[in-house]
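What follows is one structure encoded as structure tokens, with my remarks underneath.
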Amino acid sequence: MKIKNTKSDSLTRRSVLKTISGSVIFSVLPISVAIANETRRIVNSEQNKMCNSLGYISIYPEDTGEALINPGMGWVTHYYSGRTGNYGYKLEPSDSLDWFPGCSVIYMRIPWAYIEPEEGFFNWTVLDTPAQRFIAKDKKMALRINPCEHWLAFATPKWVKEAGAKGVNFTHGEGPSEKGQLWDPDYLDPIFLKKFENLIKALANRYDGNPNVAWVELGIGLWGEGWKIYSSPSREVNDQIVRIQIDLYVKYFKKTLICINDDMLGSKPSKRNISLIDYALTKGLIFRDDSILVNKYPKAWYSEDLAAMFSEKERPIILETGHYGMLKEKGTWEENRLMEAVETFRCSYLSLHWWPHEFYKDNKRIIEKINKRLGYRILLLELKYPKEVGIGERFMINWKWANAGVAPCYHGGFPALTIKDKKGGIVSLLVDDRIDLRLLQSGTSDNIPEKEFTSNFSIGFLNPKEFFNDFTSEMEQRPGSEFYAAPVIPRTEPGTYEIFVSVGTKDGTPVIALPLIGNDGQRRYKLGELIVKKPLLPGFILGDRYKDH
């Protein structure tokens, strides 16, 4: 972290305040709304000149290069990959993948039969047990329920068929067969739809709006990917089935993100169903590309056009690799192509399809490289603030921000300064809720756009005279009246304090991890110190408390 001091005695702090306010004389603080609005009209160039004349400190934080766990982004690892034996099965119950840099989501893709083995009996423990291990470490879960698998006779529970639902027996790789040992339901059959809707309703009752759930995915066809090659081959039928599924999920999941994958919308550009894509977009769905790098470049992926359609609507993009070990055996794995895909798709999540220990061991270099670009990466490039301020005094800061990731920070975040005492107590919280960092543009690794902002703050609120009339003024002058009106709200004493930066909600709650040193454990990062002095401008005289100096 680089620190630079700028100092001049040409202007006093009081004269600068008078300059900013025009002809207004500051007899009391805080300044009025009109004055505050006038202040905000000052152009940045004029403000910078004043800053340089007042003894400002300029800090240039450096990116630590670390992987960040943040909302709406990160590596995704399969706990269940359709098959319940991979890829989380080998993890010890205490292993929440903290050793995998940037891993933020555990993915549960599991056949319906494991969730509802008997009608109306829901086996939630198969989801909640492993999920809690990761939730405890500030990670999230994602869900997809599969109705058809190539290794399991009844991924849709057998009791659905026994209730009268129609379907097709098939042999994987060959097609429909009376002797086929696998069963794919008819996704338009009314009995199937009734039972399936009950499942989605129960799933939503448990997980919709749960902050620990990153998204839920539509799951129909083979592997839940939309492949209905045995039960419904035509595009018209496919369109009808997918629309019904979208409507079902949207009906019950009102808060949690709903995801659709590329195979449901047309696995290649020549097979795109434009009306269905538009329907998914209008319903607010997000997008996932299942299994890239299955073929050699330039056919390593096909759906960057779909990703662009969804990202233009400010929807996060999820990118999934093919099964890593199989890709290596097939000769289609290229780590540089994976990096290229992250850039091309502007993806927020990258989903790993393999045993995580093995993948990490083989790919540490590319994981580190991807983590500096995956999703968003909010950088504070410069902070300029005064070395000292008076209590209740309006002052300016300048800060420069950038997003070094490939994707926008879709959920947004507001920058804040927190002033703490030596015990770690919060003395003052200063949030500029006019600055939403979701508007930061993402660029290339060689060209990251920067954005400079100026904010106006004050530490402590002094009692303004207009709050009092003759009666209340006399009340305040009586001996023992100190507990009525505090001289500064909230309590603020002169002293030297530590200054921290954070990004989060409008109320100043930190949310986004920044690649900075000095983390206080709550995603606030220490940048330096600030001297807070007695008020230079008067509040209402309260006995001997904070009179005009």
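Reckoned from all heavy atoms, side chains included, excluding hydrogens, waters and symmetry mates. The structure displayed is predicted, hence computed values, not measured ones.
Judged by distance alone, the side chain of K139 and the main-chain N or O of A136 form no donor-acceptor pair under 3.5 Å. In terms of modelled atom types and a separation under 3.5 Å, the side chain of N70 and the main chain of A513 share a donor-acceptor contact. With hydrogens and angles ignored, the 3.5 Å screen pairs a side-chain donor or acceptor of R144 with a backbone N or O of W223. Side chain of K330 to main chain of V294: a donor-acceptor pair is present (N/O by atom type, distance under 3.5 Å, no hydrogens or angles). Remark: side-chain polar atoms of D436 are paired, donor with acceptor, to backbone N or O of G413 under 3.5 angstrom. Under a 3.5 Å cut-off, the side chain of R315 and the backbone N or O of L281 do form a donor-acceptor pair. Without hydrogens or angle criteria, W159 side chain to E116 main chain gives a donor-acceptor distance under 3.5 Å. Formation of a donor-acceptor pair under 3.5 Å by the T256 side chain with backbone atoms of G209 is found in this model. A donor-acceptor distance shorter than 3.5 angstrom exists from the side chain of N403 to the backbone of R377, with no hydrogens or angles considered.
For the pairing with P316, the side-chain contact (heavy atoms from CB on, under 4.5 Å) check across S311, P408, S348, C259 returns one residue only, S348. Just one residue in the list W215, F287, Y107 forms a ring-ring contact (aromatic ring centres under 6.0 Å, His included) with Y349, and that residue is W215. For the salt bridge (charged side-chain N to carboxylate O under 4.0 Å, His left out) test with E343, the passing option among K369, R337, K372, R373 is R373; the others fail. The residue from I258, I260, L257 that alone fulfils the side-chain contact (heavy atoms from CB on, under 4.5 Å) condition with I286 is L257.
Salt bridge status for R288 with E225: absent, with no side-chain N to carboxylate O gap under 4.0 Å. Residues D95 and R133 are not paired through a salt bridge, judged by the lack of any N-O separation under 4.0 Å between the basic side chain and the carboxylate. Between E335 and R365, at least one side-chain N (NZ, or NE/NH1/NH2) sits under 4.0 Å from a carboxylate O, which counts as a salt bridge. The residues R243 and D239 are annotated as salt-bridged, a charged nitrogen and a carboxylate oxygen being separated by less than 4.0 angstrom.
At a threshold of 4.5 Å between non-hydrogen side-chain atoms, the residues F100 and I367 count as touching. Proximity of L203 to F122: side-chain heavy atoms (C-beta onward) are nowhere separated by under 4.5 Å. Here the side chains of L338 and L350 are in contact, with some heavy-atom distance below 4.5 Å. Contact of the D186 side chain with the V168 side chain is not registered, since no non-hydrogen atoms from C-beta on lie closer than 4.5 Å. Proximity of I512 to L437: side-chain heavy atoms (C-beta onward) are nowhere separated by under 4.5 Å. Annotation: side chain of W401 is not in contact with side chain of L381 (no heavy-atom distance under 4.5 Å).
Between S104 atom OG and K137 atom NZ the span is 14.5 Å, to the nearest 0.5 Å. Note that the SG atom of C103 and the CD1 atom of I69 stand 6.5 Å from one another [nearest 0.5 Å]. To the nearest 0.5 Å, atoms CD1 (I110) and CG (N123) are separated by 8.0 Å. Within the model, atoms OH of Y87 and CD1 of I106 stand 13.5 Å from one another, a figure rounded to the nearest 0.5 Å. Distance check, rounded to the nearest 0.5 Å: NE2 of H172 to CG of D184 gives 12.0 Å. The structure places CD1 of I426 at 15.5 Å from NZ of K423, a figure rounded to the nearest 0.5 Å.
Pairing each heavy atom of R272 with each of S303, the nearest pair is NH2-CA, 3.5 Å. Of all non-hydrogen atoms in M264 and G224, the two that sit nearest each other are CE-O, 3.4 Å. Pairing each heavy atom of L218 with each of Q245, the nearest pair is CD2-CB, 3.9 Å. Smallest separation of non-hydrogen atoms from F414 and I435: CD2-O, 3.0 Å.
The environment of NZ in K194 is sparse: at most 12 heavy-atom neighbours from other residues, nucleotides or ligands sit within 6.0 Å. Remark: K361 NZ is loosely packed, at most 12 non-hydrogen atoms of other residues, nucleotides or ligands lying under 6.0 Å away. Surrounding CD of E340 are more than 12 heavy atoms belonging to other residues, nucleotides or ligands, all under 6.0 Å away. The 12-atom threshold is not exceeded at CD of Q181, counting heavy atoms of other residues, nucleotides or ligands nearer than 6.0 Å.
Note on ring orientation: taking the six-membered ring where Trp is involved, the planes of W124 and Y207 are perpendicular (angle over 60°, cut-offs 30° and 60°). Ring-plane geometry between H78 and H353 is classed as parallel, the angle between the planes falling under 30 degrees on a 0 to 90 degree scale with a further cut at 60. Below 30°, between 30° and 60°, or above 60°: for Y79 and F134 the angle between ring planes is above 60°, a perpendicular geometry.
Taking the six-membered ring for Trp, Y376 and H411 have ring centres closer than 6.0 Å. Under the 6.0 Å cut-off for aromatic ring centres, W99 and H357 qualify, their centroids lying closer than that.
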* Go through N146 and Y114 one step at a time and tell me if the side chain to side chain donor-acceptor pair (under 3.5 Å) criterion holds. => CA-CA 10 Å; N146 296 350; Y114 285 89; over 6 Å; no
* To do: Begin from the C-alpha positions of T444 and D446 and carry the test side chain to side chain donor-acceptor pair (under 3.5 Å) through to its verdict.
  => CA-CA 5 Å; T444 66; D446 298 324; 5.3 Å; no
* What's the verdict on side chain to side chain donor-acceptor pair (under 3.5 Å) for N238 and Y187, showing C-alpha distance, side-chain angles and the deciding distance? -> CA-CA 9 Å; N238 176 78; Y187 296 94; over 6 Å; no
* **E312 vs R346, salt bridge (charged side-chain N to carboxylate O under 4.0 Å, His left out): CA-CA, chis, key distance, verdict** => CA-CA 11 Å; E312 285 172 0; R346 300 179 70 201; over 6 Å; no
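Y249 and D208 are not linked by any side-chain donor-acceptor pair at a separation below 3.5 angstrom, with hydrogens and angles left out of the test.
Both the sub-6.0 Å distance and the 45° axial angle are satisfied by K420 relative to the ring of F500.
Residues satisfying the side chain to side chain contact (heavy atoms under 4.5 Å, CB included) criterion with K90, sequence neighbours excluded, are W355.
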